[in-house]
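Computed from a prediction, not measured in an experiment: that's the story for all the values here. These numbers come from the heavy atoms of this one structure, side chains and all, not from hydrogens, waters or symmetry mates. This chain uses plain numbering: 1 for the first residue, then up along the sequence.
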Amino acid sequence: MNKGCFITLEGGEGMGKTTNLVFIRDFLVSLGKRVIVTREPGGTPLGERIRDLFLTGGEIAPETELLLVFAARAQHLRDVIEPALASDAWVVCDRFTDASYAYQGGGRHVDSEFILNLEKMVQKGRKPDLTLLFDAPPEIGIARAKNRGVSDRMEAESLAFHSRVRNTYLLLAGLFPDRIRLVDASLPLENVQKAITTHLKSLCVP
Ligand code: TMP
């Protein structure tokens with residue numbers, strides 16, 4: 001049993017994951033944990049090249065999208081996540097496989113069996129210990145994302161797409177209540193961070 005924990009952050013666009021990632025890292029470091037912060041798609045030099053293709057690559061078939069994120073994930077697990085957990089570090093990852101179910105499965109209608117098979121083959125049983133799902137109506141998140149500037153390929157998708165993404169995330173939270181903890185991202189930052197601290201303490205921090 002590793003002493004570290006594998007924590008993932010999920011949610012639709014503009015839900016404040018990046019701000020809260022820094023908060024989580026600082027909180028864990030203040031408890032004396034060694035923390036590795038990473039993201040998907042990305043997290044390795046090859047994964048970051050795949051991310052670039054993924055976010056800017058024009059029209060991409062849904063199955064190709066799925067294979068791209070899993071290609072990046074295979075490299076990420078082998079080069080970053082597994083070695084970090086084996087050395088008892090804590091890994092905080094901005095998105096992981098729940099995003100594939102939500103975006104490629106829910107958003108693009110890719111068969112969830114296809115995703116499940118890739119998950120089994122690529123992850124070999126590795127799953128997050130805790131997933132924080134930042135949730136709010138997609139209208140709020142898309143408006144926030146647009147305020148940041150030019151939209152990427154996924155941000156530019158329709159509201160119907162982002163609603164399917166949200167609904168799939170909520171479905172996953174219902175299926176895996178022990179692992180996935182919902183955080184109301186429409187609340188003021190202070191309340192969001194209080195909720196995060198509670199979840200971290202209850203699940204991973206002795
Ligand atoms: P973000 O991490 O900056 O939010 O951007 C990553 C984008 O990639 C986001 O729109 C969600 C998308 N994505 C997928 O569609 N499938 C995946 O498996 C992952 C990890 C991300």
Next on the checklist: Are the side chains of Thr38 and Val92 in contact, using a 4.5 Å heavy-atom criterion?
Outcome noted: no
Next on the checklist: Assess whether a salt bridge exists between Glu63 and Arg108, defined as any Lys/Arg side-chain N lying under 4.0 Å from an Asp/Glu carboxylate O.
Outcome noted: no
Checklist outcome for this item: Residues Ser163 and Pro138: closest non-hydrogen pair is OG-CG, 3.8 Å
Item to check | Closest non-hydrogen atom pair, Pro41 against Phe54 | outcome: CG-CD2, 4.1 Å
Next on the checklist: Nearest 0.5 Å, please: how far is CZ in Arg73 from CG in Leu77?
Outcome noted: 8.0 Å
Checklist entry - Is it the case that one hydrophobic cluster holds both Leu133 and Phe176, taking links as side-chain heavy atoms less than 4.5 Å apart, direct or via other members? => result yes
Item to check | Ile115 side, atom CD1; Ser100 side, atom OG - distance, nearest 0.5 Å | outcome: 6.5 Å
Item to check | Nearest-0.5 Å distance that lies between atom CD in Gln193 and atom CG in Leu189 | outcome: 4.0 Å
Next on the checklist: Under a 3.5 Å distance rule, please check whether Glu10 uses its side chain to pair with a backbone N or O of Phe96 as donor and acceptor.
Outcome noted: yes
Next on the checklist: Here's a test for you: under side-chain contact (heavy atoms from CB on, under 4.5 Å), which of Leu55, Leu68, Thr44 qualifies with Ile50?
Outcome noted: Leu68
Item to check | For Gly4 against Asp129, the heavy-atom pair lying closest together | outcome: O-OD2, 4.5 Å
Item to check | Stepwise side-chain contact (heavy atoms from CB on, under 4.5 Å) test for Val91 and Leu85 | outcome: CA-CA 7 Å; Val91 176; Leu85 293 172; 3.9 Å; yes
Next on the checklist: One thing to verify: whether Arg179 and Asp98 come together as a salt bridge, which I'm taking to mean a side-chain N less than 4.0 angstrom from a carboxylate O.
Outcome noted: yes
Item to check | Side chain to side chain, Trp90 and Ile36, heavy atoms closer than 4.5 Å | outcome: no
Checklist entry - For Phe161, does its backbone N or O pair with a side-chain atom of Ser158 as donor and acceptor, under 3.5 Å? => result yes
Checklist entry - Donor-acceptor pair, Arg51 side chain versus Arg39 backbone, under 3.5 Å? => result no
Next on the checklist: So Phe134 and Val192, do their side chains get closer than 4.5 Å, heavy atoms only?
Outcome noted: yes
Checklist entry - Is Leu31 reachable from Val37 through a run of I, L, V, M, F, W or Y residues, each pair having side-chain heavy atoms under 4.5 Å apart? => result yes
Checklist entry - CG/Leu9 to CG/Leu130 distance, rounded to the nearest 0.5 angstrom? => result 8.5 Å
Item to check | Side-chain heavy atoms of Leu182 within contact of Leu170, under 4.5 Å | outcome: yes
Next on the checklist: As a quick check of understanding, evaluate side-chain contact (heavy atoms from CB on, under 4.5 Å) for Arg144 and Ile140, giving each step before the final call.
Outcome noted: CA-CA 6 Å; Arg144 284 186 195 157; Ile140 296 182; 3.9 Å; yes
Checklist entry - Can you tell me if Glu119 and Tyr101 form a side-chain donor-acceptor pair at under 3.5 Å? => result yes
Item to check | Donor-acceptor under 3.5 Å (His76 side chain, Ala71 main chain) | outcome: no
Checklist entry - Within the side chain of Thr168, is there an N or O that forms a donor-acceptor pair under 3.5 Å with the backbone of Arg164? => result yes
Next on the checklist: Can you tell whether the side chains of Arg166 and Asp135 come within less than 4.0 Å, N to carboxylate O?
Outcome noted: yes
Checklist entry - Under 4.5 Å between any side-chain heavy atoms of Glu157 and Glu13, yes or no? => result no
Next on the checklist: Are Leu200 and Leu187 linked, directly or through intermediate hydrophobic residues, by side-chain heavy-atom contacts shorter than 4.5 Å (ILVMFWY only)?
Outcome noted: yes
Next on the checklist: Using side-chain heavy atoms (C-beta onward) and a distance below 4.5 Å, is Val69 in contact with Tyr103?
Outcome noted: no
Item to check | Criterion side-chain contact (heavy atoms from CB on, under 4.5 Å) on Glu65 and Met154, from CA distance to verdict | outcome: CA-CA 11 Å; Glu65 246 185 29; Met154 305 304 266; 3.9 Å; yes
Checklist entry - When clusters are formed by joining ILVMFWY residues with side-chain heavy atoms under 4.5 Å apart, either directly or through shared neighbours, do Val150 and Leu53 land in the same one? => result no
Next on the checklist: With heavy-atom distances below 4.5 Å as the criterion, would you say the side chains of Asp94 and Glu40 are in contact?
Outcome noted: no
Next on the checklist: Looking at every heavy atom in both Arg95 and Gly11, which two are closest together, and how far apart are they?
Outcome noted: NH1-O, 2.8 Å
Item to check | Derivation of the side-chain contact (heavy atoms from CB on, under 4.5 Å) call for Arg181 and Thr131 | outcome: CA-CA 6 Å; Arg181 297 300 163 102; Thr131 298; over 6 Å; no
Checklist entry - Just how far is it from atom CG of Leu116 to atom NZ of Lys120, taken to the nearest 0.5 Å? => result 4.5 Å
Next on the checklist: Starting from Val29, can I reach Ile7 by hopping between I/L/V/M/F/W/Y residues whose side chains sit under 4.5 Å apart?
Outcome noted: yes
Checklist entry - Counting N and O atoms only, with roles assigned by atom type, does the side chain of Glu48 sit under 3.5 Å from a partner on the main chain of Gly43, one being a donor and the other an acceptor? => result yes
Checklist entry - Can any side-chain N or O of Arg34 pair as donor or acceptor with the backbone N or O of Ser87 at less than 3.5 Å? => result yes
Checklist entry - Is the backbone of Phe23 close enough, under 3.5 Å, to the side chain of Asn20 for a donor and an acceptor to pair up by distance? => result no
Checklist entry - Would you say the side chain of Phe27 lies within less than 4.5 Å of the side chain of Lys201, judging by non-hydrogen atoms? => result yes
Checklist outcome for this item: Between the CG atom in Leu172 and the CG atom in Asn167, the distance rounded to the nearest 0.5 Å is 11.0 Å
